[in-house]
2 protein chains.
Amino acid sequence: MTKPTLVDVGKEAGVSAITVSRALRSPEKVSDSLRAKVDAAVRKLGYVPNQSASTLASSETNSIVVMIPSISNNVFTDVLRGIEDALKHTRLTLQIGNTGYDPIEEERVLRSFLNPAPKGVILAGIEQTNETRQMLANVGVPVVQIMDLSDAPIDQIVGFSHEDAAFAAANHLIDKGYCNIGFLGAQMDPRSQKRLAGFRKALQNAGMYDERAVVVTNRPSDVNIGAILFGKLTTQYPECDAVFCNNDDLALGVLFECQRRGIRVPTELGICGFNDLGVTSQCVPTISTVRTPLYDMGAKAGKILVDGGAGAKDRQVDLGFSLEIRNSSLR
Amino acid sequence: MTKPTLVDVGKEAGVSAITVSRALRSPEKVSDSLRAKVDAAVRKLGYVPNQSASTLASSETNSIVVMIPSISNNVFTDVLRGIEDALKHTRLTLQIGNTGYDPIEEERVLRSFLNPAPKGVILAGIEQTNETRQMLANVGVPVVQIMDLSDAPIDQIVGFSHEDAAFAAANHLIDKGYCNIGFLGAQMDPRSQKRLAGFRKALQNAGMYDERAVVVTNRPSDVNIGAILFGKLTTQYPECDAVFCNNDDLALGVLFECQRRGIRVPTELGICGFNDLGVTSQCVPTISTVRTPLYDMGAKAGKILVDGGAGAKDRQVDLGFSLEIRNSSLR
DNA sequence: ATCATTAATGATTGCGCAATCATTTTGCAA
DNA sequence: TTGCAAAATGATTGCGCAATCATTAATGAT
């Protein structure tokens, strides 16, 4: 009782194998009666096409490869939802690769996904190795980078300016009258570094920048880390009256730590987060944050690839960001 | 400049194609000099095996298929991390399918992943359609169900008792002296129904059960829904003095709503969550919850499949749960 | 040196499907 | 009717690899 093939279906339906193939792939090119016979045979035998054989014969896959740094980071699950929605109701399937924030690992995993060539590749960030770029060029597959901007994308890029976003957030805090503003950062990947740069620029412009105001770690961002980093900040920069956090997790951790210490938000301490991950709009007080187009970047990147990597348009799509000003920064 | 094949590598190295294949797949069966020549040729040409051709010829894949209800639910990202870690340093790759909590969709997506047959399949829950079970039986691939328990698993199952876990949580609240305990539930999938059953049993045992105490919705669980459901609960069951929440998101939403309304936790209201998703250990006050073996279920299921779906052991693995008693339930 | 044994390498074939080209059937104008 | 285009169906071939079997080279015991 082996798996049925096109030949088996053909025998069952009394036609040739290639005709079955045609009936399944382009039903409109086949007579009604034949289509009915073939459909019946397919159902009776429970025929399912062999993906490998199909791919080998046609040298066409139906997969989109997405390389993301981490599955357990909410930032990327939002992006993935966008991609998934874009691929819904198409024949394309998603192949997810995990880079662990390491370009070398990205290269290794991606290489194994590149033969046979997928229909498209989505990469997070712009820090690919030269080898990776070379590989992708050789394969000639459409590539969309996401999460950042670049004047020299591999192919196309959909993102926003982390530096501008952080710059805007920091300026918002300055505008509200905070004058000793700290920066908390976890998972200091290149995009986080850009946020730090934007923050620094805003404070320098205002003549407020202080070295002690920056506390970062390379550990993954979570609520607990936020509290820990805030503890360090208050130690080394006691006059601190506001913090800009790299990620909403951290901001929430800061808020909780303030509650534990009896620090009033926003009067004694202003807080601004990043990414608008959901909880910040619900907690008490609500936390101001930067809404970043996570879902939309995924959806747009997916759409570009569904449309065949349309090269005509702009190579760089800036989806922007918006300040979500809530209570934690309004003193 | 087409993609190099085994033949190309063979020419470059001055040997036959099949020898190259052997040198790559079983280096120990080949002379040192040959191995060196082949490796050099592979590197020079950038050869990458064609996965489809390999699979077709050997009728062996190197993929594990995981069907989960939703990517954007933290519960499943923890499970996925476990699976990923189990597969790390093996040749197996992960193919993730999204069911949207719909057994029919699960069947449809899984079918497309089943030819060629993967090395193993991981399914969330035990609500597969008969068709799905039939399909899996025909293909003969090892199956591990997760997230629940069952005396009649398709093959093997790794999980814990949702009913027992909720029963324990409810009893904890009863023990602490709460006597009008509500149940809040979102995403009322079959496992959530079991939690509700466990909750109901505990309250009935204590002679405390009240119909008005149960407020549920089928919408996905999030913090905001927690606040909304709690609002309904207080309306229809004003004497309520504790809530057990289906998921930590809801519990956090309840805590925030209490802060907004000035309800003191745990004195005026006790709260217990479910899943121990991380934030509950950090907020103020910390929220008691049921720690469920999310990561471990993934890791165990992955390990079983890496080991070839070892049939010798128990078909059912109960990984248990534990009460994480924190401040929100200690009045 | 001879032969047996083992190690190392090669030739042929088929996996299941789709591209390509070939053939048969149908519809319909004259 | 006849003829001919268009529609419908079929036969052959090869995608890139690994299974299988065949051959050659190396090793060592006598």
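We use all heavy atoms of the structure for the numbers below, so side chains are in, but hydrogens, waters and symmetry mates are not. Every chain is numbered from 1, with letters handed out A, B, ... down the list of sequences. Quick caveat: nothing in here was measured; it's all calculated off a predicted structure.
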Does Arg315(A) use its side chain to pair, donor to acceptor, with the backbone of Pro153(A) at less than 3.5 Å?
yes

Spacing of CZ belonging to Arg22(A) relative to CZ belonging to Arg35(A), to within rounding of 0.5 Å:
13.0 Å

Within the 3.5 Å criterion, strictly below it, is a donor on Glu107(A) or Thr129(A) matched to an acceptor on the partner's side chain?
yes

Would you indicate whether the side-chain heavy atoms of Ile68(A) and Val79(A) approach each other to under 4.5 Å?
no

Residues of residues 6-14 of chain B with any non-hydrogen atom less than 4.0 angstrom from an atom of DNA chain D: list those, numerically ordered, please.
Leu6(B)

NA contact type, Ser54(B), heavy-atom cut-off 4.0 Å: base, sugar-phosphate, or nothing?
sugar-phosphate

Note: Arg81(B)-Glu84(B) ion pair, threshold 4.0 Å (strictly below)
no

To the nearest 0.5 Å, how far apart are CD in Gln316(B) and CD in Gln156(B)?
11.0 Å

Return yes when atom CZ of Arg219(A) has more than 12 non-hydrogen atoms of other residues, nucleotides or ligands closer than 6.0 Å, and no otherwise.
no

Contact span of DNA chain D against chain B, any nucleotide atom under 4.0 Å from a heavy atom, 5' to 3', runs dG16(D) to dA19(D)

Quick one, which residues of residues 22-50 of chain B touch DNA chain D with a heavy atom under 4.0 Å?
Arg25(B), Tyr47(B), Pro49(B), Asn50(B)

When rounded to whole Å, the CD1 to C1' distance for the pair Ile18(A) and dA22(C) reads 13 Å

With a 4.0 Å cut-off on N to O distance, would you call Glu60(B) and Lys119(B) a salt bridge?
yes

Gap between atom OG1 of Thr61(B) and atom CG of Leu92(B) - 0.5 Å precision:
8.5 Å

Identify the two heavy atoms, one from His162(A) and one from Met147(A), that lie closest to each other, and give their separation to 0.1 Å.
NE2-O, 2.5 Å

Residue met sooner reading DNA chain C from 5', once Leu56(B) and Val20(B) are mapped to nucleotides
Val20(B)

